[in-house]
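All remarks here apply to the structure that follows.
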Amino acid sequence: MFSLNVSGEKEVERKEISQAVISRLPRYYRYLGELRDDGVERISSQELSELMQSTASQIRQDLNHFGGFGQQGYGYNVEQLYTEIGKILGLDQIHHLVLIGAGNLGQALANYVNFERRGFLIEGIFDQNPALVGRQIRGIKVRPMEELESFIIEHHADIGVLTIPKTAAVAAADRLVRCGIKAIWNFAHVDLKVPPKVQVENVHLSDSLMKLSYNICNYAELHREQTDRAIDP
Ligand code: NAI
């Protein structure tokens with residue numbers, strides 16, 4: 001998994017990583033960050049699995065993608081692994097965001113400071129409602145939609161956040177794409193059609209709630225079956 005670069009330092013070879021592994025990376029990153037903050041230098045896959053309520057083999061398999069940080073009898077170097085996963089997630093770079101839609105959800109996102117700690121800077125907020133334009137949300141001015149394109153270019157914005165009604169989201173996404181945005185964080189309940197080079201991450205809190213609902217129902221069902229079996233002579 002290691003190669004040597006021109007200065008003879010070890011480098012992790014980047015291979016294509018499956019989306020399933022990538023979707024687990026933020027959780028590893030979070031746990032490793034907490035361990036690092038607590039001064040933990042190394043951890044075994046077994047210890048990490050107990051902490052994360054996962055399995056040691058899943059963790060080993062996932063983390064094997066990132067080179068030889070795990071060593072027999074030593075475990076993982078927390079700092080190294082944290083840094084490497086951060087790089088893979090692109091968290092060693094600053095991302096510049098523009099948020100479209102300064103309503104309830106847009107304001108909640110803009111008020112959440114932790115995104116900035118991870119390098120996601122909300123540079124500008126846009127809304128079509130004149131009553132909102134000119135207001136400040138956590139010190140960030142709400143601007144009219146007419147300024148969107150020039151602002152994106154001037155501030156090198158790479159991520160657009162859509163917190164507008166679905167009827168308006170497609171047109172707004174088209175405008176973002178036309179001015180070269182690299183990614184869209186889409187909260188509107190509509191599937192966007194964008195060129196392949198533009199990354200879209202859909203976030204639907206209600207999907208998560210529906211999954212929770214399914215699990216509640218399923219657990220009750222399963223539990224009933226198990227109880228019935230146990231009392232069946
Ligand atoms: P809201 O009505 O409070 O805010 C929407 C804002 O978008 C308003 O300020 C409005 O002036 C602005 N807007 C409307 N059309 C626009 C356009 N063409 N250009 C610029 N700004 C425009 O609504 P809320 O509650 O903030 O929800 C926003 C969107 O997010 C909705 O589509 C809603 O369905 C969705 N949503 C999604 C969630 C998720 O988990 N994905 C959770 C909650 C809301």
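One-based numbering along the sequence shown. All ligand and atom numbering here is 1-based and tracks the order in the structure.
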Connected to Ile94, directly or through other members, by ILVMFWY side-chain contacts below 4.5 Å are Leu121
Please examine the side chains of Leu63 and Ile85, heavy atoms only from C-beta on, and report whether any two atoms are closer than 4.5 Å. yes
Contact set, ligand 1, heavy-atom distance under 4.0 Å, ordered by chain/number, equals Ile100, Gly101, Ala102, Gly103, Asn104, Leu105, Asp127, Gln128, Asn129, Leu132, Met145, Thr163, Ile164, Pro165, Lys166, Ala168, Phe187, His189, Val203, His204, Leu205
Run the ring-ring contact (aromatic ring centres under 6.0 Å, His included) test on Phe115 and Trp185 for me, step by step, so that the C-alpha distance in whole Å, both residues' side-chain angles and the decisive distance to 0.1 Å come before the verdict. CA-CA 13 Å; Phe115 297 139; Trp185 199 23; 5.5 Å; yes
Apart from Val200 itself, its cluster of hydrophobic side chains linked below 4.5 Å comprises Val98, Ile100, Phe126, Met145, Leu148, Phe151, Ile152, Leu162, Ile164, Val170, Leu176, Val177, Ile181, Ile184, Val190, Leu192, Val194, Val198
Salt bridge (charged side-chain N to carboxylate O under 4.0 Å, His left out) pairs touching residues 148-164, sequence neighbours excluded, are Glu149-Arg175
Exercise. Under 3.5 Å, is there a donor-acceptor pair linking the side chains of Glu47 and Ser44?
Worked result: yes
